[in-house]
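Numbers restart at 1 for each chain; the letters A, B, ... are given by sequence-line order, proteins then strands. Remember, it's a predicted structure, so these values are computed and weren't measured experimentally.
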Amino acid sequence: MFKILRTIISRYYRIFELSNSMNFSIQHTSGKARAGILTTDHGDILTPIFMPVGTLGAVKGVTFDVLRNDIHAQIILGNTYHLYLRPGAGILQQAGGLHGFNGWDRPILTDSGGYQVYSLSKIRKITEDGVVFQSHIDGSRHQFTPENVMDMQRVIGADIMMAFDECTPYPADRKYAQKSMQLTHQWLERCYNHFHKTKPLYGHNQGLFPIVQGSVYEDLREQSAKFISQFDSPGYAIGGLSVGEPTETMYKITEQVCDILPQNKPRYLMGVGTPANIIRGISHGIDMFDCVMPTRNGRNAMLFTRHGILNMRNKKWENDFSPIDECSPLEIDKTTTKSYLRHLFVAGEMLGPILASIHNLAFYLRLVAEARQAVMEGNYEIWAAEAEKQTMTRL
RNA sequence: GGGGAGAUUCCAGAGUGGCUAAAUGGGGCAGACUGUAAAUCUGUUGGGCAACCUUCGGAGGUUCGAAUCCUUCUCUCCCCA
């Protein structure tokens with residue numbers, strides 16, 4: 001009897017869930033900065049937000065428990081290209097998608113593999129239909145098309161799916177940038193159509209984010225932002241930045257594009273960045289960020305703090321027995337001394353990269369939470385000016 | 001006691017007359033890292049800003065020129081008794 005009831009309830013609940021698609025509401029603004037809530041079937045995301053990168057279904061060196069309870073991550077990334085190669089669609093589908101596979105029950109966003117079109121440029125070829133990759137693992141050939149990338153992200157079950165794009169390399173001449181942008185636009189149409197022809201596989205809703213390209217050319221960026229805005233989507237992304245262009249150029253393009261994208265939808269600046277980049281991005285109206293920097297640089301002994309950047313391998317920390325971050329509420333930040341963390345890195349102990357990754361991610365999440373608070377209080381620019389200066393100081 | 005091998009820049013270890021301030025690896029020091037082919041990669045490592053100076057166990061010698069050849073001293077390791 002109870003079983004039947006539970007089945008009915010869960011079925012009803014599921015229908016209710018599915019009818020309640022991804023929603024974004026802006027609670028407060030401060031200048032162009034926004035504080036909002038993005039609703040997904042796996043929980044709400046308070047924006048502006050930083051999303052830890054977990055390319056292969058794991059945030060390197062960090063357990064999901066720590067990610068949830070200490071870092072307070074609200075959403076993490078996965079990567080379609082990497083998960084397609086390993087463990088592959090079969091295993092993921094059997095597991096009930098990536099959520100079922102790795103046990104993370106909060107939102108997941110998957111990058112489409114568009115970045116790999118850029119970063120694996122030596123072992124891929126762009127064809128009329130899509131991209132042929134040579135696996136970086138065993139050299140085998142695989143074709144990615146807008147359609148099968150949508151299918152794969154359905155299989156992964158990402159709450160937010162990204163359109164398949166070409167992350168235009170930098171520098172790119174205007175002609176190439178334009179061609180690349182047009183290709184991304186064509187692919188977006190195919191992604192969008194295929195996305196709406198297919199359904200979620202695991203009972204939770206999925207949203208598709210289109211991506212702006214256009215390199216550093218303002219007219220192309222304008223054209224691209226207008227083009228992708230025509231597609232009704234729960235959010236919009238800016239790609240092809242932080243690929244080597246001057247920082248000021250990135251800021252300029254970001255601001256320009258934000259002014260064009262729909263006001264009532266979240267904007268995601270892909271692959272960015274340093275604490276300063278994030279602070280500035282928010283001030284231009286960005287709501288979502290992701291970057292490997294806190295984890296990768298953490299593994300390489302770089303610590304981001306509210307007071308500046310530390311290289312934990314440096315000799316100057318050898319006999320500094322103060323905590324790695326006094327003003328952090330995180331337990332490991334108070335109990336780990338600089339001297340000890342340096343020792344871990346110098347000795348090659350895996351705990352060093354782990355602690356640094358946890359610290360950096362927790363710092364990034366605290367930074368965007370503070371930014372959000374400043375927006376709520378309406379004094380974002382004042383907060384941002386001070387925070388930007390402090391966080392980028394070299395200690 | 002007899003026989004043999006060897007001592008090189010922080011360490012290990014190449015080099016056996018000029019191209020050698022001396023390969024390579026380790027260690028040290030510093031730097032890079034932005035939708036992760038990364039627990040990775042790069043630079044540097046006798047002194048001096050430089051011309052140049054001081055270095056290959058010690059001392060002496062041969063030579064235009066020596067880490068490299070000769071003499072001797074000191075020390076280390078191996079084998080036999």
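Considering only residues two or more places apart in sequence or on other chains, A:Asp259 meets the side-chain contact (heavy atoms from CB on, under 4.5 Å) condition with A:Lys32, A:Glu255.
Looking only at atom types and distance, the side chain of A:Asp320 has a donor-acceptor partner in the side chain of A:Ser322 under 3.5 Å away. Side-chain N/O atoms of A:Gln143 and A:Asn148 include no donor and acceptor closer than 3.5 Å. Looking only at atom types and distance, the side chain of A:Asn79 has a donor-acceptor partner in the side chain of A:Gln116 under 3.5 Å away. Side-chain atoms of A:Thr29 and A:Arg34 include no donor-acceptor pair closer than 3.5 Å.
When the P atom is used for both B:G26 and B:U36, the distance is 30 Å, rounded to whole Å. B:C77 and B:U68 have their C1' atoms separated by 23 Å, with the value rounded to a whole Å. The gap from the C1' atom of B:U9 to that of B:U44 amounts to 15 Å, rounded to the nearest Å. Comparing B:C80 with B:U62, their P atoms are spaced 43 Å from each other, to the whole Å. Nucleotides B:A66 and B:U55, compared at atom P, are 12 Å apart to the nearest Å. Here, B:G31 and B:U76 have their P atoms 44 Å apart, quoted to the whole Å. Comparing B:G4 with B:C52, their C1' atoms sit 44 Å apart, to the nearest whole Å. Separation of the C1' atoms belonging to B:G6 and B:U16 is 14 Å when rounded to the nearest angstrom.
Under the Watson-Crick or G-U wobble criterion, with both distances below 3.5 Å, B:C29 is paired with B:G43. The pairing partner recorded for B:U63 is none, the criterion being a Watson-Crick or G-U wobble arrangement whose two distances lie under 3.5 angstrom. Under the Watson-Crick or G-U wobble criterion, with both distances below 3.5 Å, B:A12 is paired with B:U24. The base-pairing partner of B:C56, taking Watson-Crick or G-U wobble contacts with both distances under 3.5 Å, does not exist among the strands shown. Of all nucleotides present, only B:G6 satisfies the Watson-Crick or G-U wobble test against B:C75, with each distance under 3.5 Å. Remark: B:C49 base-pairs with no nucleotide in the shown strands. Criterion, Watson-Crick or G-U wobble with two distances under 3.5 Å. In this structure B:G1 sits in a base pair with B:C80, meeting the Watson-Crick or G-U test at under 3.5 Å. Using Watson-Crick or G-U wobble geometry with both donor-acceptor distances under 3.5 Å, B:C19 finds no partner in any strand shown.
With respect to the salt-bridge test (charged N to carboxylate O, under 4.0 angstrom), the residues A:Asp44 and A:Arg106 do not qualify. Note on A:Arg366 versus A:Asp333: salt bridge recorded, some NZ/NE/NH1/NH2 to OD/OE distance being below 4.0 Å. A salt bridge links A:Glu222 and A:Lys226; the closest N-O separation between the charged side-chain nitrogens and carboxylate oxygens is under 4.0 Å.
At the heavy-atom level, A:Asn79 lies under 4.0 Å from the strands shown only through sugar-phosphate atoms. Across all strands shown, A:Ser135 has no heavy atoms under 4.0 Å from either base or sugar-phosphate atoms. Within the 4.0 angstrom heavy-atom criterion, only backbone atoms of the sugar-phosphate kind lie near A:Asn314; the bases stay farther away. Within the 4.0 angstrom heavy-atom criterion, no nucleotide atom of any strand lies near A:Val243. A:Gly240 comes within 4.0 angstrom of a base, heavy atoms only. Residue A:Asn300 is in base contact, counting any heavy-atom pair closer than 4.0 Å across all strands shown. No contact: A:Arg280 has no heavy atom under 4.0 Å from any strand. Residue A:Ile211 is in base contact, counting any heavy-atom pair closer than 4.0 Å across all strands shown.
Chain A approaches RNA chain B within less than 4.0 angstrom (heavy atoms of the protein), and the contacting nucleotides run 5' to 3' from B:G28 to B:U40.
Taking the ring axis of A:Tyr251 as reference, the NZ or CZ atom of A:Arg280 stays within 45° of it and closer than 6.0 Å to the ring centre.
Residue A:Ser242 is the one, among A:Ser242 and A:Leu120, whose nearest nucleotide of RNA chain B lies closer to the 5' end (criterion: closest heavy atom). Closest-nucleotide positions on RNA chain B for A:Val53 and A:Arg394 were compared, and the one nearer the 5' end corresponds to A:Arg394.
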